[in-house]
Amino acid sequence: MNNETSIAQDEILSPSLPPPNPEEDYKGYKGHARKLLEEKGARVWCEVVLETTSGDFPGILLPRTETSDDRHLVIKLTYNGYNVGIAVDTITSIKILGYRKANYQIPEKEFPFNPGMPDVVLLGTGGTIASRLDYRTGAVIPAFSPGELYGAVPELADICNLSTRKLYGEFSENIGPPHWMGLAKEIKKEIENGVAGVVVGHGTDTMHYTAAALTFMIQNLPVPVVIVGSQRSSDRPSSDAAYNLIRAVNTAATGDFGEVMICMFGPTSDYYDLLHRGTRVRKMHSSYRSAFRTISDVPIARVDDKGFHPIKHDDAYRHRDHSQIPELDAVFDERVSIVWYYPNMQPDVINSLIDNGYKGIIIAGTGLGHVNKPLYPAIKRGVEAGVQFFMTVQTLWGYVQMFVYDTGRDIMELGVTPLANMLPEVAYVKLGWVLGHTHEPAEVKRMMLKTINGEITEREPIDGYLVMQGGLPELDDYFKRFQV
Amino acid sequence: MEAFYSMKNILGTPEDWKRLGFRCGIEVHHQIKTEKKLFCRCPAGPYSNEWHAEVLRHMRPTMSELGEYDGTALMEFKTKKEIIYRLHRDKVCTYEMDDNPPFQINEEAVDKALRIALTFKCKMVNELHVIRKQYLDGSIPAGFQRTCIIGVDGVLPLSNGKEVRIIQVGLEEDSCREISDNGHRIVFAVDRLGIPLIEVVTDKTFESPQEAAEGVQRIGRLLRATGYANRGIGAVRQDVNVSINGSTRVEIKGVPRIPRIPYLTAHEARRQESLLQIKDEMVRRGLSSGEFPIDEKKLEGNGISFHRPELKAAQMAGDTIRVIRLPESKGLLSWQLTGIRRFSDEFSGRVRVIACLDQKPNIFHTDVESAVLDDHDLKLINEFARCGKDDVAIVVWGPDLDTITAVKEIHIRWEEASQGVCNETRQALRDNTTDFERVLPGPDRMYPDTDSAPFEITREKIEAAEQFIPEYPWDREKRYLEMGLPEDISRNLAISHFADLFDNLLEEKAVAAIRAGEVLARIITALRRKGFDLTKISLEQWEDLLRGLGNGKIFREGLFDFLKNWSKKPTSGFTDMLGEYSIVPADENTIAERVSEAIQYAYENVQNDIEKRIKVAMGEAMQSLAGKCAGEMVYDRIRDNMINDISC
């Protein structure tokens with residue numbers, strides 16, 4: 001689009017190259033490409049002219065994605081800002097004109113303090129709620145500080161006094177029990193410090209595991225704990241990141257809730273976010289903005305620019321109550337697994353878990369909660385060895401009901417306990433947490449079936465099976481009935 | 001401030017443009033024909049105004065790779081538009097609505113783009129890197145367009161011997177179609193998004209409006225000549241960049257028709273010249289540096305009552321009215337820029353776009369000669385703004401927040417006036433002047449598409465593409481004219497994808513040039529206009545037909561009917577079709593018999609007038625011979641016969 005560079009030459013060129021730093025200077029380049037750079041004395045972020053057999057290419061030498069081949073150099077063309085790859089074997093020489101390192105920072109400003117506003121803390125675990133680009137993998141990586149956030153989303157200052165603490169810098173697939181326990185402890189600390197609510201920034205892939213874990217590990221919450229992320233990277237102008245963050249922070253600051261929730265887009269449009277109960281929510285799409293859905297129940301509320309619109313009845317969720325004392329119960333036994341049953345599954349799948357010392361197995365069975373006969377001996381063997389078996393349904397919606405067919409009764413006979421409508425992932429998290437307390441079978445069973453916060457519901461509401469939950473006209477019409 | 005040319009002669013002379021330092025660069029965007037879209041597997045057209053779902057998005061500016069917010073981005077966020085996307089279930093998938101990452105770039109499009117870049121003699125890149133180019137106007141649901149460079153440093157020769165540098169040939173996804181834009185709500189149809197678009201960008205080496213028009217035309221013809229250019233409304237759009245000595249680049253976006261380019265660029269140059277004169281005048285008045293204080297007041301209604309209907313209505317509606325005093329600005333706002341445009345229109349344009357006050361008029365000012373505001377209103381405003389005799393007041397009205405934005409923008413534009421010409425994108429108006437569209441984006445809005453892997457352009461791929469480079473259409477056209485072909489045939493055939501076939505058959509002397517030319521450049525077009533679809537007939541089938549025309553299997557006179565039938569069964573071979581529609585050439589006996597009968601008939605029915613007699617005989621003979629033998633031959637026979645008869 002642009003014929004002229006708007007970067008003045010003197011701005012680009014620094015008088016001399018910084019001291020060598022092999023890690024940075026050849027970032028992503030290997031083999032032939034790296035050899036060429038070393039020979040010619042060129043480094044990443046140098047302004048260069050690549051002289052090739054088909055002509056000259058002026059530009060800034062960029063880092064390369066590590067997984068790419070070693071036969072090309074990547075430059076950002078000086079005169080139009082485009083990136084192109086030039087074949088190493090066509091390059092006859094590299095003229096070095098100067099050096100300019102990119103400045104990745106989101107404009108950082110000090111977050112303003114207003115004594116009349118509620119205090120909210122944002123605990124960072126990673127993910128793309130705020131992000132920058134990483135050339136090593138060519139991916140988007142998180143950038144996180146109150147100042148950066150304020151620079152990117154200044155609306156936050158109209159809601160609360162925000163402080164942030166980066167606890168972890170992990171993609172969500174790397175988040176697990178140690179992080180859950182650590183988060184629970186930090187949340188307790190923050191609540192005791194008197195915050196009006198806690199927001200947890202989290203990668204979306206495993207957000208619902210963390211939501212379940214926190215529900216069990218820190219109970220009796222006086223204030224909301226809101227987990228938030230973004231489905232579409234925050235570098236894009238139409239990202240859901242800013243809206244999710246604003247609405248999550250607003251929920252933490254002023255929402256009348258006292259439980260662990262996930263706050264993510266309702267429809268793919270910007271209209272509103274849904275607040276999902278931490279034990280009933282699941283990521284149901286790999287990339288949609290509206291990926292998170294409450295399963296077998298309705299979300300707690302909608303939140304938009306105007307405020308909160310409860311969908312659940314007033315007495316069906318926990319309210320903000322500053323007299324409550326949060327109870328920390330952060331334990332976890334990692335010897336737990338989920339077995340997703342499929343036709344013709346062989347008993348060795350179960351046996352290998354038993355042999356490897358697993359203490360608890362959640363089965364996601366077919367239909368009402370079934371597995372095939374060849375697995376029975378393996379399950380029996382496991383139960384005898386003290387392994388706890390629980391049944392959930394891989395249909396996700398609906399209850400385990402093992403009395404309807406002989407198969408179900410046989411499996412219960414083996415010692416498998418049905419978990420009603422607990423989601424398989426939630427059951428996994430809960431079993432690890434329960435086994436952190438006791439291995440005594442009757443007690444494990446009792447604790448698994450005792451509902452902490454909605455992981456099992458007595459009844460399934462008739463509107464608990466709205467898969468889209470917003471986005472299509474008829475569903476939006478449905479939700480309009482709950483508008484306040 | 002005398003214009004250097006009269007408005008009647010807006011196009012000026014080469015000397016005028018030289019003196020002004022007219023410079024122009026162009027960007028041509030042309031859809032290319034592919035089956036599917038560039039980054040997903042949706043069909044690449046046609047459009048539909050039906051839709052099944054709507055999505056609402058807003059656009060926030062974000063940071064580029066080099067860490068700075070882009071000027072356009074910030075400006076457009078100020079407008080806070082609600083953007084509505086209309087989705088058609090068969091034409092759009094979750095990719096276009098930006099709820100799914102892109103799929104691998106469409107190789108058919110890449111291959112065609114390579115051929116086009118080579119046609120412009122570009123240096124080819126060896127690896128495509130998809131880039132995100134931010135657009136906050138809402139025309140793309142993600143907020144960025146995926147685009148990549150195929151080749152750089154190409155060449156475009158002009159008829160005057162000048163060689164224009166092609167900066168780049170790019171391949172990108174087309175954007176959404178704007179359906180409406182009112183106030184804070186803009187509506188787009190998403191079906192066009194993702195259709196592959198070739199972008200050809202030239203250096204700013206055009207030195208007159210006429211040269212620029214020729215450049216656009218040549219790029220268009222060259223693209224057409226490759227055979228990959230999509231036709232139809234909106235398939236091609238061109239932007240022109242204009243600057244003069246002392247100004248800065250201004251982009252005129254989406255110029256619809258080539259004949260308008262000279263007028264648009266001439267008007268733009270004139271506008272820039274006027275803005276530079278205004279700048280000089282501001283310097284003379286001491287408005288050149290430092291602070292540009294303006295006074296701004298919210299007009300609270302008590303006891304004030306306007307005559308002007310728009311202001312009256314605003315008062316009735318409870319809208320905010322703000323009055324801004326621009327010191328020392330007498331005579332500037334009414335300064336004629338070009339055509340009917342005045343300096344005040346510069347303010348009005350910003351207010352329209354950025355403050356979303358888009359009902360015109362959207363400002364009034366007191367620097368008026370005409371009766372826009374009557375004395376009562378003028379006095380009221382001047383008094384309220386406390387204007388001195390050299391000051392001017394501007395009035396804006398509307399929703400409170402929008403008027404605040406409007407005041408800010410008026411202040412910004414006033415400051416910018418002291419710098420001369422602003423870096424802007426402008427839209428073409430019907431009278432060939434322009435209006436503000438947005439601040440011109442810089443390279444800061446480009447950053448890598450982290451969803452796409454680099455795509456290698458192998459040497460084999462380039463070598464394969466080199467086989468498809470067409471001859472320059474202007475060279476070809478010249479060749480055809482020299483061959484004696486009529487102008488229209490030469491011109492159309494030169495950009496036709498039949499041109500190579502035509503040349504090959506001519507070289508073999510398989511068919512007469514005029515016959516083949518007529519079929520390929522006239523008959524096909526005529527039939528297409530009548531609604532017959534001949535696009536499914538392959539080059540090979542056309543070749544058979546032309547050879548048949550050359551060796552007497554089919555005749556010109558029968559072609560129309562034959563092709564009409566063929567369009568209904570485009571998969572049939574030429575010979576099969578001939579058989580099916582029993583087009584069997586008449587034998588010599590039949591021809592002789594029919595000619596003789598026809599002559600007889602003419603003698604019986606026409607007295608003495610030989611020309612008329614020939615005509616009647618011809619009509620009679622062709623009734624039974626049409627399509628079965630060459631009409632010229634029948635004509636020659638009849639004519640010879642009759643003339644011989646006279647001479648006897």
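These numbers come from a predicted model, not from an experiment. Just so we're on the same page: letters track the sequence lines, and every chain starts at 1.
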Select one option (side chain, backbone, both, neither) describing which atoms of [X] are under 4.5 Å from chain A's heavy atoms.
X	value
B:Ile149	both
B:Met124	backbone
B:Pro101	both

* To do: Classify the side-chain pair B:Thr147/A:Tyr82 by whether it contains a donor and acceptor separated by less than 3.5 Å.
  =>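 A pair is found: one side chain offers a donor N or O, the other an acceptor, under 3.5 Å apart.
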* Residue pair B:Asn100 / A:Ser287, side-chain donor-acceptor N/O under 3.5 Å ->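 A:Ser287 and B:Asn100 do have a side-chain donor-acceptor pair below 3.5 Å.
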Report the distance from atom [atom1] of [X] to atom [atom2] of [Y], rounding to the nearest 0.5 Å.
X	Y	atom1	atom2	answer
A:Ser54	B:Asp153	OG	CG	9.5 Å
B:Ile140	A:Ser238	CD1	OG	10.5 Å
B:Thr94	A:Tyr288	OG1	OH	6.0 Å
A:Arg236	B:Thr450	CZ	OG1	7.5 Å
B:Ile457	A:His72	CD1	NE2	9.0 Å

* Is it the case that B:Arg57 places NZ or CZ above or below the six-membered ring of A:Phe265, under 6.0 angstrom from the centre and within 45 degrees of the axis? ->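 Judged by the rule (NZ or CZ under 6.0 Å from the ring centre, within 45° of its axis), B:Arg57 is not positioned above A:Phe265.
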Is any side-chain N of the basic residue among [X] and [Y] closer than 4.0 Å to the acidic one's carboxylate O?
X	Y	value
B:Asp98	A:Arg289	yes
B:Glu456	A:Arg71	yes
A:Asp89	B:Arg459	yes

For a quick test of reading the model, state the closest non-hydrogen atom pair linking [X] to [Y] and the distance between them.
X	Y	result
B:Leu56	A:Ser269	N-OG, 2.7 Å
B:His129	A:Gly85	CD2-N, 3.4 Å
B:Gly143	A:Pro237	O-CG, 3.3 Å

* Asked: Yes or no on side-chain contact (heavy atoms from CB on, under 4.5 Å) for A:Val153 and B:Arg60, after CA distance, side-chain angles and deciding distance?
  -> CA-CA 9 Å; A:Val153 191; B:Arg60 293 178 81 87; 3.9 Å; yes
* Please check if the side chain of B:Asn126 supplies one atom and the backbone of A:Ala87 the other of a donor-acceptor pair under 3.5 Å. =>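 At least one qualifying donor-acceptor pair exists.
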* **Atom group of A:Thr90 that falls short of 4.5 Å from chain B, counting heavy atoms** =>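 Only the side chain of A:Thr90 comes within 4.5 Å of chain B.
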* Asked: What do the steps show when you test A:Asp69 against B:Glu127 for side-chain contact (heavy atoms from CB on, under 4.5 Å), and what is the final call?
  -> CA-CA 11 Å; A:Asp69 65 44; B:Glu127 207 179 47; 3.8 Å; yes
* For residues A:Tyr243 and B:His58, establish whether the separation of their ring centroids is below 6.0 Å. =>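 Yes, the ring of A:Tyr243 comes within the 6.0 Å limit of the ring of B:His58, centre to centre.
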* To do: Kindly check if the number of other-residue, nucleotide or ligand heavy atoms within 6.0 Å of NE2 (A:His32) is above 12?
  =>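 Open.
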* Taking the side chain as every heavy atom from C-beta outward, state whether B:Glu82 and A:Asp270 have any atom pair closer than 4.5 Å. =>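 Not touching, per the 4.5 Å side-chain cut-off.
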